[in-house]
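In what follows, a single structure is set out as structure tokens and then discussed.
Just so we're on the same page: letters track the sequence lines, and every chain starts at 1.
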2 protein chains.
Amino acid sequence: MAVTLKNIADKVGKSVPTVSRALAGFDDISPKTRDYVQAVAKEMGYVPNNFARKLQSQKADAVGLILPGSENLRFSDPFFGLLLSGIIERTSAAGMDLSISAANDDEELDVYMEHIKGQRVDGFIIVRTHRKDKRIELLRKHKFPFVSFGRMEDDNNFNFVDEDGNWGIEQVVDHLVDLGHTKLGCIAEPLLYTKSFSRVQGFLNGLKKHGLKFADENLVVTNYRQRSGREAALRLLDLPQPPTAIVALNDLLAIGAIQAAQERGLKVGRDVSITGFDDIVLAEMSNPSLTTLHQPAHEMGTLVAENLIQQIKNQSIEQSQIVLKPTLVVRNSTGTPV
Amino acid sequence: MAVTLKNIADKVGKSVPTVSRALAGFDDISPKTRDYVQAVAKEMGYVPNNFARKLQSQKADAVGLILPGSENLRFSDPFFGLLLSGIIERTSAAGMDLSISAANDDEELDVYMEHIKGQRVDGFIIVRTHRKDKRIELLRKHKFPFVSFGRMEDDNNFNFVDEDGNWGIEQVVDHLVDLGHTKLGCIAEPLLYTKSFSRVQGFLNGLKKHGLKFADENLVVTNYRQRSGREAALRLLDLPQPPTAIVALNDLLAIGAIQAAQERGLKVGRDVSITGFDDIVLAEMSNPSLTTLHQPAHEMGTLVAENLIQQIKNQSIEQSQIVLKPTLVVRNSTGTPV
DNA sequence: TTTGACTTCTAAAACGTTTTAGAATATAGT
DNA sequence: ACTATATTCTAAAACGTTTTAGAAGTCAAA
């Protein structure tokens, strides 16, 4: 049976509030009583009941992360895993719980509302933002604290941490053009995600900047998996005029693309250049190693969490918007076109 | 401001308990009142306050997963990610929270105790079991519900879900010996983990079964990362009498080993055979594709969660111990030795 | 018309904490 | 010696829910 304030109060012969205030170190308790109470509490192994405390304080001391049901397998994505580890590290350190759950798309917003109304969390972390994101609109409407990892297409007056994907992919295009490539292909995740859309913009901007023209068939939109990357790359490589460089918009896609190229008997880095995005651990180890954009996934997770915790604790309305530029890491999957 | 039972009670002109019992559907409330109360509650958007409910019920309706601090980056391991997704899916479906936190090794047991005494969770999921696991011993001593993913070395009278790693690796050895290999090397994670230890046993048992002798230098113990796999493989390949087959005890290690072999100018699957364990998505996409043992990571996560939820809800003491055999998937990283 | 049995509801207590308002005692100032 | 002021404590209320015990009312049977 758990030890309660009442147990301690009985033992020390004081009232429950006295014990409560003694443990909290209030100065209307004499040092003598305070020390005695604290000693007894420690000896009895007292740990406050969380729910009683939260009921009274009307604070959940918890952060919610509701995973879109359709994204259940996202956990196998190393980038997401690292992001999550950063979030957990930071929330843990702040003594807050991280409540992770999953919701099917059709009930997603209801789940958010239930968390809010049931006062289960003090704030949310939103991942995989859409260009028009119903979750963000909902939370903003209810003035409920949240930080998103990623922006919307516009109307971004809320706290977020994001990459500069547009800028990043432009660096990649610069790199490829510098090497001499003029026919570039692109493999993207669904464009309803801001992240994907923005990276594609970077691709198009890059082409325009260098006076290269874009043909529809050079952009293949698919999902985030390696398998899809392979299939998409095959489509690009089998075009009448195949690109000499393929800009895959994440590393898993890029690795799939490398596989596809090798299936077609091409030497990656010589016959065809392939790039990724995120710099997951694997990128360095793939064969050939992958030219990609490095992102500090773990740190981004801590930033998101930190941002939200600040917002919750300070009740401050000041906006914190962080955009991190990825850094180009040139490895062996890119080279001068033959 | 959140809607409470009192708000509803005022509105319908009944007492708070009546409203509470009407919403819960007790039959000492007239159908008329029940329907009316439920309608009003819905209209007002009532959602029960979680903490009040939990305080009263003395149940947390939550499952704890305390990640060893040293394992923070585990999230980047795709296998762990999938396991986690299974756990989340199942706990979510059961209406329970999953409370994930991190604890440094020196304070780990204290964190467990605080969760227990503070009644924050109804049970724990233990991951990465040690051969002697202090966490398991602690929980068992306090008769607190838990399910572990993995066993201890012995004394396993508790609920767990585990792989049959020993058996699995024996299959791998059989496969390699069938191909004609007689000099086998092995790359393992630290042996204090039961998982690693057990897989190594499988390796040794396999050798013995086939009358092959084992030399110490053919076993390299390192950590779980690709980088380590590469370094370990280099050590094996640079031996005076290098093995013709390397049994890496997880896929990341195996992929590192493949890289090492390629650095030494060896063609994997011909000059040297390499195997993994887990069959992460990447295994199929690596070059060459990896012969490995498949494990249903996501399903294992659901099993662990299901097991714990049963235990919590039924208060039953019946033991549930599940051991799953991995299945050998032969791909292109293994072949007849030259 | 009284008893007994149902049906439907409510008052009170409980879960364990914190906050507020104020009581009791001690200390100092005149 | 009496008032004013600190100091140290406690009683009561509050957070929102559920459970327990029992009250009030209705109805049928005797």
Side-chain angles (χ1 to χ4, degrees), chain A residues 1-38 40-41 44-62 95 97 114-122, chain B residues 1-38 40-41 44-62 95 97 114-122:
Chain A
M1 216 46 249
V3 179
T4 69
L5 288 183
K6 178 138 200 335
N7 300 145
I8 301 175
D10 290 348
K11 186 121 172 187
V12 302
K14 300 278 178 185
S15 72
V16 167
T18 297
V19 173
S20 172
R21 300 180 69 78
L23 291 176
F26 279 72
D27 62 0
D28 62 349
I29 304 293
S30 72
K32 186 182 148 206
T33 308
R34 170 168 37 78
D35 294 345
Y36 180 45
V37 167
Q38 289 182 354
V40 170
M44 296 176 76
Y46 171 73
V47 175
N49 179 299
N50 222 264
F51 302 121
R53 189 173 256 185
K54 286 175 172 175
L55 173 60
Q56 151 69 31
S57 72
Q58 298 285 83
K59 297 229 177 289
D61 268 336
D97 286 337
E114 280 175 17
H115 273 73
I116 295 175
K117 289 189 185 162
Q119 300 172 74
R120 292 161 151 277
V121 297
D122 301 313
Chain B
M1 217 45 246
V3 178
T4 68
L5 287 183
K6 176 136 204 330
N7 299 145
I8 301 175
D10 290 348
K11 186 120 172 188
V12 302
K14 301 279 177 185
S15 72
V16 167
T18 297
V19 173
S20 173
R21 301 180 68 78
L23 290 177
F26 279 72
D27 63 1
D28 63 347
I29 304 294
S30 71
K32 186 182 149 208
T33 307
R34 170 169 38 76
D35 295 345
Y36 179 46
V37 166
Q38 289 183 352
V40 171
M44 295 176 78
Y46 171 73
V47 174
N49 179 300
N50 222 263
F51 303 121
R53 189 173 257 184
K54 286 175 173 175
L55 173 59
Q56 152 68 32
S57 71
Q58 297 286 84
K59 297 228 175 291
D61 268 337
D97 286 338
E114 279 176 17
H115 274 71
I116 295 175
K117 291 189 184 161
Q119 301 171 74
R120 291 160 152 277
V121 297
D122 301 312

Worksheet entry | With A:V16 via side-chain contact (heavy atoms from CB on, under 4.5 Å) - residues at least two apart | A:L5, A:K6, A:A9
Discussion item. Under 4.0 Å, heavy atom to any atom of DNA chain D: which of residues 10-19 of chain B qualify?
Written reply: B:V16, B:P17
Worksheet entry | Residues which pass salt bridge (charged side-chain N to carboxylate O under 4.0 Å, His left out) with B:D28, listed by chain and number, not counting sequence neighbours | B:R21
Discussion item. Strictly distance-based, threshold 3.5 Å: is any side-chain N or O of B:D10 a donor or acceptor partner for the main-chain N or O of B:N7?
Written reply: no
Worksheet item: Considering the terminal five base pairs at each end of the helix from C:dT1-D:dA30 to C:dT30-D:dA1, what angle separates the two local helix axes, rounded to 10°?
Response: 70°
Worksheet item: If you pin A:R21 and A:F51 to their nearest nucleotides in DNA chain C, which one's is more 5'?
Response: A:F51
Worksheet item: Which ones in residues 23-34 of chain B lie close to DNA chain C, meaning a heavy atom under 4.0 Å from one of its atoms?
Response: B:D28, B:I29, B:S30, B:T33
Worksheet item: Are any side-chain N or O atoms of B:K54 and backbone N or O atoms of B:A60, one a donor and one an acceptor, separated by less than 3.5 Å?
Response: yes
Practice prompt. Assign B:S20 to base, sugar-phosphate, or nothing according to its heavy-atom contacts below 4.0 angstrom with the strands shown.
Written response: base
Discussion item. Has A:N49 got a side-chain atom pairing as donor or acceptor with B:G118's backbone, closer than 3.5 angstrom?
Written reply: no
Worksheet entry | B:E114 versus A:V47, closest heavy-atom pair with distance | O-CG1, 3.8 Å
Discussion item. With heavy atoms of chain B within less than 4.0 Å as the criterion, where does contact along DNA chain D begin and end?
Written reply: D:dG16 to D:dT20
